[in-house]
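All values reported here derive from a predicted model rather than from experimental measurement. When a residue number appears, it is its place in the shown sequence, counting from 1.
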Amino acid sequence: MSVPVKPTDIQDPEYFHKVVDCQYACPAHTPVPEYIRLIAAGRYTEAYLINWESNVFPGVLGRTCDRPCEPACRRGRVEEEPVAICRLKRVAADFKEDVNHILPKGPFPPNGKKIALIGGGPASLTVARDLAPLGYEIHLYDDQPAGGGMMRSQIPAFRLPEEVLNEEVNYILDMGIHTQFKTYVSSMKEILDKDYDAVFVGTGAPKGNDLDKLPGRWDDPDKVHIGITWLASVAFEHTHKIGKKVIVLGGGNTAMDCCRTARRLGGEDVKVVVRSPFEDMKASPWEIEDAQMEDIPILNNHNPKAFVTSEGKLQGMLFEKVQARYDDNGKRTLVPTGEEVFIAADDVLVAIGQGNAFPWIERDLGLEFNQWELPRLDARTLQSTRPDVFFGGDAALGPKNVITAVAQGHEAAISIDLYCRGKDVHDRPAPRTNLAQQKMGLHEWIYDSAVVPDLRYKVPHADKKLTLQDRKKEVELGFDLEQAYREAERCLNCDVQTVFSEPKCIECDACVDICPTSCISFVTNGDEADLRTRLVAPANQLDQDLYVSKPLPTTRVMVKDENVCLHCGLCAERCPTAAWDMQKYLYNTAKAAPLWKQEEVV
């Protein structure tokens with residue numbers, strides 16, 4: 001017997017949140033369409049503040065984010081490429097006014113609690129920003145000379161200028177954070193003995209993987225460098241040059257940063273050598289493209305066999321060519337072809353991944369670690385097996401990216417605040433939501449609702465002849481204001497929701513006729529699998545929900561496939577009884593302390 005689909009509960013805060021695909025895909029759930037509309041309206045400061053509340057580092061992320069939002073963008077369903085969400089974030093940062101007078105400033109009234117933050121990266125800085133306004137005394141420890149963690153040591157300056165990083169780090173440190181830079185924490189026990197009310201560990205994933213068992217690895221060790229360590233050495237001005245012939249091992253973003261940095265430090269013949277096929281590389285497509293634009297070849301399907309030396313000096317590396325084969329489950333096996341290749345090199349940069357390292361945490365403190373030497377955590381609260389110690393960022397669940405570290409910093413701050421107040425850390429605060437009408441007259445909307453074809457705009461780059469001579473010269477120039485406006489107008493406003501009112505509907509099907517994507521149907525209800533096949537256009541994307549009404553007078557139900565809706569508003573414009581309405585859904589994840597009221601920003 002079929003079970004009819006229940007009417008959709010649009011009061012559930014997660015229902016419309018999921019429909020805003022870009023925001024839903026963002027680990028920090030930044031209100032993407034909201035800030036893009038503000039950019040289109042020339043309100044760059046407000047756009048920046050909306051970003052800053054959610055993702056903390058708009059200027060940094062507008063240049064370096066891994067962009068999980070963009071594959072989710074609805075524009076990518078009607079055109080080849082999504083909206084340039086990431087680079088529009090940079091627009092807000094580049095063209096904002098001075099915001100120092102708007103941001104929270106310490107000192108704040110103390111609440112008598114002290115928190116230690118180990119590590120000065122994005123996760124720890126987010127915890128500091130979220131907890132300081134509540135009166136916590138925050139002590140931040142880091143072995144680097146300034147805040148930023150691996151944003152400072154491992155993202156090259158030609159991608160992230162130092163002044164951009166300093167500005168956004170200092171917004172947080174100026175909130176009254178007690179900093180202890182150039183301080184390596186060698187003992188968790190010593191920290192715990194200082195009577196902190198809670199400790200947050202945000203030390204990243206500082207251990208670069210090596211090929212220490214490969215023949216010849218230690219014959220000329222000064223010419224074989226661990227990628228992340230070498231990038232840090234360059235960033236802190238300890239390394240200024242490299243040999244003319246350079247091999248970079250690895251296919252991730254660190255490898256792309258290594259090869260491009262090597263080109264700027266004297267590498268004339270720089271090659272990236274990868275075990276996997278090109279399509280399996282872990283680096284972001286735009287990072288690969290930027291490397292190739294700088295004349296850096298990528299050699300795929302080469303498995304390293306040995307470092308080749310002569311009289312104790314590195315000559316190059318020996319590789320065997322492999323072929324990727326996949327079983328029915330998609331598992332890959334690299335099969336040798338029998339062909340070997342020698343590639344000459346003066347230096348080798350090893351960028352084949354990184355991991356966590358906690359030699360400074362004693363194992364008799366109640367902190368448990370798993371078989372991978374990662375801390376055992378509650379993935380939601382980020383609380384460890386010792387209740388007063390929390391983790392976040394790469395130190396928590398393994399290497400990911402800056403935006404994930406920020407998201408975990410928000411969650412950890414909530415947990416720390418609940419713990420310090422004697423509350424249940426699982427009793428999480430609800431998100432702040434608002435659903436507001438967008439009408440401006442009978443059939444006009446506050447936002448630009450028209451959907452027009454428009455291809456993605458390219459971000460201008462500086463002249464390669466100049467950038468390759470100066471490792472600190474930023475390659476991407478960012479959008480100018482006209483480009484920013486045009487790119488922002490590509491956004492389909494998927495946070496403006498189609499809200500249906502059953503009592504007003506006369507079942508005339510006018511909305512069905514005018515819908516450009518055939519996403520609206522009026523049908524007899526049934527179980528979901530069957531219902532999806534009986535719509536005007538079958539709804540085959542199972543991970544996107546159906547919007548189902550209560551039964552109408554004819555006993556039919558309205559069913560809308562949220563997956564293909566363009567939020568164009570034509571259904572609401574055509575409806576003779578205003579059964580459809582366009583309402584903007586604003587969703588903000590909960591923070592430990594609200595920084596301001598939303599109406600103060602927009």
Open item on the list: Could you go through E294 and R264, starting from their C-alpha distance and side-chain angles, then the distance that decides it, and tell me whether this counts as salt bridge (charged side-chain N to carboxylate O under 4.0 Å, His left out)?
Closed with: CA-CA 10 Å; E294 294 178 355; R264 288 157 171 78; 2.8 Å; yes

Task: Evaluation steps, side-chain contact (heavy atoms from CB on, under 4.5 Å), between L61 and V56 - done: CA-CA 9 Å; L61 288 164; V56 186; over 6 Å; no

TODO: Report the C-alpha distance between R490 and R486 in whole Å, list the side-chain angles of each, state the deciding distance to 0.1 Å, and finish with yes or no for side-chain contact (heavy atoms from CB on, under 4.5 Å).
DONE: CA-CA 7 Å; R490 296 181 69 235; R486 292 182 181 279; over 6 Å; no

Open item on the list: side chain to side chain donor-acceptor pair (under 3.5 Å), that's the test. Do N303 and R275 meet it? Break it down for me.
Closed with: CA-CA 5 Å; N303 189 39; R275 294 172 66 236; 3.0 Å; yes

- [ ] Run the numbers on M317 and K305 for side-chain contact (heavy atoms from CB on, under 4.5 Å), then give the verdict.
- [x] CA-CA 8 Å; M317 290 191 69; K305 288 198 71 175; over 6 Å; no

- [ ] Kindly determine whether R90 and E474 satisfy salt bridge (charged side-chain N to carboxylate O under 4.0 Å, His left out), including the steps that lead there.
- [x] CA-CA 13 Å; R90 173 180 171 170; E474 189 171 15; 3.1 Å; yes

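A salt bridge links E287 with R159; the closest basic N to acidic carboxylate O contact falls under 4.0 Å. A salt bridge links D94 with R63: the closest approach of a Lys/Arg side-chain nitrogen to an acidic carboxylate oxygen falls below 4.0 angstrom. Using a 4.0 Å cut-off between charged side-chain N and carboxylate O, E237 and R471 make a salt bridge. Between E81 and R75, no side-chain nitrogen of the basic residue sits less than 4.0 Å from a carboxylate oxygen of the acidic one, so the salt-bridge criterion is not met.
Under the 30°/60° scheme for interplanar angles, the aromatic rings of H17 and H29 are found to stand perpendicular. Between Y48 and Y171, the two ring planes are perpendicular [angle over 60°; tilted spans 30° to 60°].
For the residue pair N166/N170, the side-chain donor-acceptor check at 3.5 Å is not satisfied.
Enclosure of atom CD in E163 by more than 12 non-hydrogen atoms of other residues, nucleotides or ligands within 6.0 angstrom is indicated.
Of the possible donor and acceptor atoms, none in the side chain of T30 sits under 3.5 Å from a partner among the backbone N and O of S54. At least one donor-acceptor pair under 3.5 Å links the side chain of H302 to the backbone N or O of N300. Checked by atom type and distance alone, the side chain of D142 never pairs as donor or acceptor with a backbone atom of G147 at under 3.5 Å. Remark: the backbone N or O of T229 is not paired with any side-chain donor or acceptor of S233 at under 3.5 angstrom. A donor-acceptor pair is defined here as one N or O able to donate and one able to accept, closer than 3.5 Å; such a pair exists between the side chain of R456 and the backbone of P82. Between the K464 side chain and the M293 main chain, a donor and an acceptor come within less than 3.5 Å of each other. A donor-acceptor pair is defined here as one N or O able to donate and one able to accept, closer than 3.5 Å; such a pair exists between the side chain of E168 and the backbone of V60. Judged by distance alone, with hydrogens and angles left aside, the side-chain atoms of Q23 form no donor-acceptor pair with the main-chain N or O of P33 at under 3.5 Å. No donor-acceptor distance shorter than 3.5 angstrom exists from the side chain of T183 to the backbone of Y141, with no hydrogens or angles considered. Side-chain atoms of K96 come within 3.5 Å of backbone atoms of A93 as a donor-acceptor pair (strictly under, hydrogens ignored).
Taking all atoms of both residues into account, the shortest heavy-atom contact from T589 to A28 is OG1-O, 3.9 Å. Shown here for D212 and W218, the closest heavy-atom pair between the two residues is O-NE1, 3.1 Å. Residues A205 and Q354 approach most closely at O-NE2, 3.0 Å, considering heavy atoms. The two residues D394 and N401 come nearest to each other via the heavy atoms OD1-N, 4.1 Å. Nearest heavy-atom pair, G355 versus N209, reported as atom, atom and distance to 0.1 Å: N-OD1, 4.3 Å. Of all the heavy atoms in Y184 and P359, the pair that sits closest is OH-CG, 4.4 Å.
Considering OG of S284 and CZ of R67, their distance stands at 7.5 Å, rounded to 0.5 Å.
Between K223 and F307, the closest side-chain pair of non-hydrogen atoms is not below 4.5 Å.
A cation-pi arrangement is present between R363 and F369, with the terminal nitrogen or guanidinium carbon under 6.0 Å from the aromatic centre and inside a 45° cone about the axis.
Put simply, the residue from E476, E487, E70 that forms a salt bridge (charged side-chain N to carboxylate O under 4.0 Å, His left out) with R87 is E476. None of D21, I85, V83 except one satisfies the side chain to side chain contact (heavy atoms under 4.5 Å, CB included) rule with C69; the exception is I85. Checked options D463, L468, T467; the residue passing with K465 is D463 (criterion: side chain to side chain contact (heavy atoms under 4.5 Å, CB included)).
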